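What you see is a predicted model; the values in this text were computed from it and never measured. All values below come from the heavy atoms of this structure, side chains included, with hydrogens, waters and symmetry mates left out.
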Amino acid sequence: MSFPLLTATAALPALGAVATAAVPAAQRTAAKWLALLVSLATLALAVTVLVRFDPDGERYQLTENHAWIEDFGVRYELGVDGIAVALIALTALLIPFIILAGWHDADPLETGSRRWRPTQGFFALILAVEAMVVISFEATDVFLFYIFFEAMLIPMYFLIGGFGDRAHAHGEEAAATQRSYAAVKFLLYNLAGGLIMLAAVIGLYVAAGNFSLTEIADARAGGTLHMATNTERWLFLGFFFAFAVKAPLWPLHTWLPNAMQEATAPVAVLITAVVDKVGTFAMLRFCLQLFPEASKWATPVVLVLALISIIYGALLAVGQRDIKRLVAYASISHFGFIIMGVFAMTSQGQSGATLYMVNHGISTAALMLVAGFLISRRGSRLIADYGGVQKVAPVLAGTFLIGGLATLSLPGLAPFVSEFLVLVGTFTRYPVIGIIATFGIVLAALYTLVLYQRTMTGPVKPEVSAMPDLRVREVLVVAPLIVLLIFLGVYPKPVTNIIDPAVKQTLSDVHEKDPRPEVEAAK
């Protein structure tokens, strides 16, 4: 039997979470280092998966298939295509930076105080989320995917509600109330989506007789499994609703600004750069493969919702006074672009959407983590409390600017390539949608540049006059992300080479081809 590489990639952070939680309470530093080492080892395994994956080989590789609950047709079935490999690599890459950035976020609030926060628990929960996200990308059994799709809500709930942002203007008691509200709202929204999906998962088993993604997709493609039109559409809606909540897609997005506002900056990155990607990934893997005809049937409505997300998220970002809420609404706009690319049903759109998932994860991590460093120094999330930071902390301001420019998709930085592909892929099939979506770029430039102007330029406010610049640990967090943004902005080929074959296979599942350009014949 070959080494179960996919299982190991998910199991290592899970075991690391248990080990980190078991570290004695007095050994907080040891727990931090253990969590960091486990995350780096997981990154090494993810790189091994990346190296061993052959983009021109079988669709699902490094597969594992074992009996689990035989009476119900549930199997422990894993496999990765190019899309999953890219997102596993992104997840494993970001977790060490999240841990480093949150190095002191779970320290006791006061020396000798009874308000003690379990540092070990904070880092253990981050590793637990990583394990569940990774196996969600690997699972090719629908029921196995569902279990971890739902299970990741539990550690995320405690990370939001138990380890919130300390920069609160109304005291610790009010902060605890707001964190609890944000955590409960996050949990209820996602549980509601999960329960609807559970009904659809059961319906899929009744219709197909098993939970294997590959077997069901092959049977549908081969004509040996037929679903009634209404059955397929209802099942699609059950799956899509859960993924749209996780994504988050308008109007199911309202939990995200609260969660990101109240969470610490590293946990906010974990939410939007890692966990939310499971929703958009699942649209490609499950909605399009399992329900191709229903996906095409729903495309016009989904594209309109994605377009609303793009414009609505960007407009609300323009008017925000809170730095973290601004980044949250910007992410809602960006997820609108991703979903629009998925349902454009073109190879450019879906390649751009997958690349956007990777690039958005890196750019949001860079911007939000630097914003977190800024907020921790001033003790406020309000934009109006800053001014002139670039004069006292030029490295912090410079990295904040690069992260912001990546968010507005400046040419030469990674998100530009993916956003361009999404717009081109959409325009070739739905030109009106593509044209309107470009206004999201204009609004992105507005909210990003206004944010930078109000916080970093102008007279130095007295409250920031003694603000220190980035420390060595913080530079180690931000610098690699900035390098990646520039490298993938100039040379995205290493990622596109991996994802393009998988995208073409997904497009084939829905029986779509790229529209041919209409060129008037020369007379």
Side-chain angles (χ1 to χ4, degrees), residues 160 164-183 185-186 248 250-251 253-269 271-272 309-336 363-364 366-393 396-397 399-401 403-408 440 442-465 467:
I160 297 168
D165 192 351
R166 299 180 187 181
H168 200 285
H170 303 292
E172 178 60 28
E173 185 175 347
T177 301
Q178 291 297 319
R179 288 197 299 269
S180 177
Y181 171 79
K185 189 174 184 179
F186 162 82
W250 184 91
H253 68 284
T254 59
W255 62 268
L256 182 65
N258 296 100
M260 288 186 67
Q261 176 183 331
E262 298 303 327
T264 63
V267 173
V269 171
I271 295 169
T272 190
S309 289
I310 292 169
I311 305 300
Y312 170 87
L315 282 173
L316 265 66
V318 171
Q320 291 304 308
R321 297 181 296 172
D322 184 299
I323 296 174
K324 293 168 76 175
R325 287 183 73 88
L326 186 152
V327 178
Y329 280 110
S331 290
I332 291 169
S333 181
H334 295 150
F335 275 103
S363 63
T364 299
L367 180 62
M368 179 58 84
L369 292 179
V370 177
F373 299 149
L374 178 70
I375 292 167
S376 66
R377 285 159 165 73
R378 174 67 177 84
S380 173
R381 301 190 300 252
L382 298 179
I383 297 172
D385 289 340
Y386 296 88
V389 174
Q390 68 180 9
K391 296 177 182 177
V392 297
L396 189 155
T399 53
F400 190 80
L401 177 62
L405 293 176
T407 298
L408 65 82
V442 178
L443 293 171
L446 180 61
Y447 63 69
T448 300
L449 296 178
V450 168
L451 171 65
Y452 184 83
Q453 179 189 29
R454 292 178 178 175
T455 55
M456 300 295 163
T457 65
V460 179
K461 290 199 173 183
E463 295 84 358
V464 304
S465 59
M467 180 178 289

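Between the CG atom of Leu316 and the CD1 atom of Ile311 there is a distance of 12.0 Å, given to the nearest 0.5 Å. From Tyr181, atom OH reaches atom CG of Asn258 across 5.0 Å, with rounding to the nearest 0.5 Å. Between the CD1 atom of Ile323 and the CD1 atom of Ile375 there is a distance of 4.5 Å, given to the nearest 0.5 Å. A distance of 9.0 Å separates CE of Met368 from CG of Leu326, quoted to the nearest 0.5 Å. Atom CG of Leu449 sits about 7.0 Å away from atom CG of Leu405, to the nearest 0.5 Å.
Shown here for Leu443 and Ala314, the closest heavy-atom pair between the two residues is CB-CB, 3.5 Å. Across all their heavy atoms, Thr448 and Ala444 have their closest contact at OG1-O, 2.9 Å. Considering every non-hydrogen atom in both Pro266 and Leu369, the closest pair reads CA-CD2, 3.9 Å. The heavy-atom pair separating Ala406 from Ser363 by the smallest distance is CB-CB, 3.8 Å. Looking at every heavy atom in both residues, Thr407 comes nearest to Ala330 through CG2-CB, 4.5 Å. Taking each heavy atom of Gly372 and Ala265 in turn, the nearest pair found is CA-CB, 3.5 Å.
Checking side-chain atoms of Ser333 against main-chain N and O of Tyr329 turns up no donor-acceptor pair under 3.5 Å.
Applying the salt bridge (Lys or Arg N to Asp or Glu O under 4.0 Å) rule to pairs touching residues 313-322 yields Asp322-Arg381, sequence neighbours excluded.
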Apply side chain to side chain contact (heavy atoms under 4.5 Å, CB included) to residues Trp255 and Ile271 and explain how you reach the verdict. CA-CA 11 Å; Trp255 62 268; Ile271 295 169; 3.9 Å; yes
Could you go step by step and tell me if Phe373 and Thr399 meet the side chain to side chain contact (heavy atoms under 4.5 Å, CB included) rule? CA-CA 11 Å; Phe373 299 149; Thr399 53; over 6 Å; no
Using side chain to side chain contact (heavy atoms under 4.5 Å, CB included), reason through Gln320 and Leu451 one step at a time and then give a plain yes or no. CA-CA 9 Å; Gln320 291 304 308; Leu451 171 65; over 6 Å; no
Can you check ring-ring contact (aromatic ring centres under 6.0 Å, His included) on Tyr312 and His253, steps first, answer last? CA-CA 11 Å; Tyr312 170 87; His253 68 284; 5.1 Å; yes
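Under the salt bridge (Lys or Arg N to Asp or Glu O under 4.0 Å) criterion, Arg325 pairs with no residue, sequence neighbours left out. For Thr254, the side-chain contact (heavy atoms from CB on, under 4.5 Å) partners at least two apart in sequence or on another chain are Lys185, Tyr189. In this view, Thr364 and Thr272, Val327, Ser331, His360 satisfy the side-chain contact (heavy atoms from CB on, under 4.5 Å) rule, not counting sequence neighbours. With sequence neighbours excluded, the residues forming a side-chain contact (heavy atoms from CB on, under 4.5 Å) with Lys461 are Glu463, Val464, listed by chain and number.
Side chains of Val450 and Val318 form no contact here, defined as non-hydrogen atoms less than 4.5 Å apart. Counting heavy atoms from C-beta on, the side chains of Leu374 and Met456 come closer than 4.5 Å.
The environment of Arg378 atom CZ is dense: over 12 non-hydrogen atoms of other residues, nucleotides or ligands sit within 6.0 angstrom.
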Output side-chain donor-acceptor pairs under 3.5 Å for residues 382-392, partner residues at least two apart or in another chain, one line each.
residue: Asp385; atom: OD2; partner: Ser380; partner atom: OG; Å: 2.5
residue: Tyr386; atom: OH; partner: Ser380; partner atom: O; Å: 2.4
residue: Gln390; atom: OE1; partner: Tyr452; partner atom: OH; Å: 2.9
residue: Lys391; atom: NZ; partner: Gly458; partner atom: O; Å: 3.4

